[in-house]
Amino acid sequence: MARYPSDAEKGEIGTDVLVCHWSEEKQKHDCIVSDGYMFDGVITDYVKVEIPNTTHEFAGLYMCFFVPSAGRDSHACELFTVTKESELRTPPTDEETNHTLLVIVLPVTAIIVFMLWCALIFCICKRRKTRTRKRVFIETDLQIPLIYTRDKQIKTRLEGFELSKKDLKDLMNIMNREMNKGLNDSTRAEADVKMLPVYYPLQDKPVNAGVLILDFKRTQLKLLEMKLREKDGTVTSKNYDIPPELNNGSGQTMLDFIADAVKRFVRDKKISTKALTAVLIFPYPREGVVDPDVHELIQKVLQSQEKKLKMMVIANDVVNTVVSVGYQNPNCKIGLVVGNAFNACYVVKWRKYKTDSNKDEQTDEMQVVYNTELGALGHKCSIDFLRTDFDKEVAASSRLPDSQILEKMVSWAYIGEIVRVALKRMRTDKLLLRSAPEGCPLFLKDGLNADCVAEIDRDASEDHTETNRILTGLGVSECTQEDLQIVQNLCRLVIQRAAFLAAAVLATLINRLNQHDVVVVVDGELYRNIPYFYNLMHGKTQELVKSRLKGKFYFVSAFAGGYIGAARMAAAAARSQGEQTPMYLDCL
């Protein structure tokens, strides 16, 4: 079951309220329920979800679905609300509270008929698979075929985006090798991935805490005040756009911008900082800011504006995703972010991979979340066999050309630029878009963003109307139908490659854990905005994991974008440390 904002647009991803899956091994349902809701764990012909204290935060459109298989094909179920007074009413105002019960009605007869219908469709599709393989890539082998074109040079250039199973297996071997280096004190310095440990008791549940979250992205700083309670919480937030010149400026100018934004946020929202703990989410490296003294730098600029505000945690967004779900589901072992950054983490017993000499007995009861920083893979040319000339040009024109190589092949921040560079190269060689002027916006740096790539990918019209509209807006007109088809196919190949590379990362971590019923928490723009990204990534992961682990892992979405995880880490750090030195849960 999910909640959507009242003004949600078509295709927008909602917030998971209740997610249940059937465990064949345990022969029972495993369920995850979001904060602020209560679920009694009983699943019969209906499911009851309670909202003990309803406020405007819970207003919106609630929907529930059956998902009969690993894919996302779903079947809606009936849902109605019952108040304590057994009557329907409109969403309450800020001051109102009421005990609300959501009842999801699952008719037994309908369930049986629907499951039989799914089984029949599955059998039919299985028999027709060989005849439809080249026509429908999503429903068959999850592989996007190159479209027919008379120009063999275009085919040759696009083939670089296709990855074989051997390519992905080789990548998994490289990842394992680099991860092992990162876990070893003597070889960590030469490893591409540093395997940063975050010691934290995932089942700890801090309550009655106030947290200020600073979510620092490439183009925007998002500030949130979260008040955590035992069964609910409240959120106040505001976004501050980062001026483009600051991204190319010094680290100190960015720190000053953060401090000023915090001052305005606290003043405008009338927030008391007396009992407020701060947490900074830094999803990617920044020169002049992210260094061993980053905590002291942030603390200094914050206290210059708000003297009572204490920075307790510097967290990574991928760690936040796994912590956001790990509180309620002990099977939550892997987190993945495929957004503007690309990274993964996994959870093990802290003794399993020891990376320091600290023998504090209290850590015996903790688990360690390893922030792998796998997006940095390729620093020493180890994955050049996967890169195209377009990838190399995109990396060379970035601010840090030799860093985050894998991330620049996958992340939402770069897929638009990869497509743009490929189109420009083929236009220069007179293979495509021959009528486009050389100085048009499409061929300028960052002229095509990921949102445009997603829109082109979704274009289902026979004459590629939406693709043509986007290209016309970027100064390219009079495109042939073959040109438009190739542009769309290029976008899909870049998306497919990103999904397959993400699948290789997940398969590596699932194989490494070697456990059944592993829950994988996924977040990021690619996962949320590309409808079939889940299918591509899940299907390829199934293909790459060990035989005994196939079908033994599950994907769920991060609660509240991982912010709940960040808030809980900060609250736990503040409670455990008191007035002592802040606890470093992550280093960047």
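Quick note: numbers below take in every heavy atom, side chains included, and nothing from hydrogens, waters or symmetry partners. One-based numbering along the sequence shown.
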Is a donor on one side and an acceptor on the other found under 3.5 Å between the side chain of [X] and the backbone of [Y]?
X      : Y      : result
Lys194 : Ala189 : yes
Asp167 : Ser164 : yes
Glu407 : Asn343 : no
Ser411 : Lys408 : no
Lys552 : Val518 : no
Glu417 : Asp446 : yes
His379 : Ile405 : no
Lys169 : Ala504 : no
Asn449 : Asp451 : yes
Arg420 : Leu444 : yes

Give me the atom names and distance for the closest heavy-atom approach of [X] to [Y].
X      : Y      : answer
Met179 : Met195 : O-CG, 3.6 Å
Asp517 : Asn331 : O-CB, 3.3 Å
Gln515 : Lys333 : OE1-CE, 3.8 Å
Leu224 : Ser237 : CG-CB, 3.8 Å
Ala344 : Thr372 : O-OG1, 2.6 Å
Val505 : Phe342 : CG2-CZ, 3.7 Å

Parallel, tilted or perpendicular: rings of His538 and Tyr534 (30°, 60°): parallel
Pair Gln220-Asp241, side-chain contact (heavy atoms from CB on, under 4.5 Å): steps then yes or no: CA-CA 4 Å; Gln220 194 176 75; Asp241 291 331; 3.2 Å; yes
Do [X] and [Y] have side chains that approach each other closer than 4.5 Å (heavy atoms only, starting at C-beta)?
X      : Y      : value
Arg177 : Ser382 : yes
Leu223 : Ile213 : no
Ile415 : Leu526 : yes
Thr388 : Asp391 : yes
Arg512 : Asn180 : yes
Phe553 : Ile334 : no
Asn529 : Trp412 : yes
Leu509 : Leu336 : no

If only side-chain N and O atoms count, and only distance matters, is there a donor-acceptor pair under 3.5 Å linking [Y] with [X]?
X      : Y      : result
Glu373 : Asn371 : yes
Thr253 : Asp256 : no
Asp457 : Tyr532 : yes

To the nearest 0.5 angstrom, please state how far the [atom1] atom of [X] sits from the [atom2] atom of [Y].
X      : Y      : atom1 : atom2 : result
Leu493 : Ile486 : CG    : CD1   : 11.0 Å
Leu377 : Met409 : CG    : CE    : 10.0 Å
Glu178 : Asp192 : CD    : CG    : 4.5 Å
Leu171 : Leu406 : CG    : CG    : 6.5 Å
Leu506 : Leu501 : CG    : CG    : 11.5 Å
Asn320 : Asp215 : CG    : CG    : 8.5 Å

Side-chain ion pair, [X] and [Y], N-O less than 4.0 Å:
X      : Y      : answer
Lys166 : Asp170 : yes
Arg387 : Asp384 : yes
Arg528 : Asp523 : yes

Begin from the C-alpha positions of Lys165 and Leu544 and carry the test side-chain contact (heavy atoms from CB on, under 4.5 Å) through to its verdict. CA-CA 8 Å; Lys165 185 174 181 179; Leu544 295 173; 4.2 Å; yes
Does Val347 form a side-chain contact (heavy atoms from CB on, under 4.5 Å) with Cys332? I'd like the steps, not just the answer. CA-CA 8 Å; Val347 182; Cys332 178; over 6 Å; no
Determine, step by step, whether Gln153 and Asp429 satisfy the side-chain contact (heavy atoms from CB on, under 4.5 Å) criterion, reporting the C-alpha distance in whole Å, the side-chain angles of both residues, the deciding distance to 0.1 Å, and the verdict. CA-CA 10 Å; Gln153 294 184 67; Asp429 294 340; 5.9 Å; no
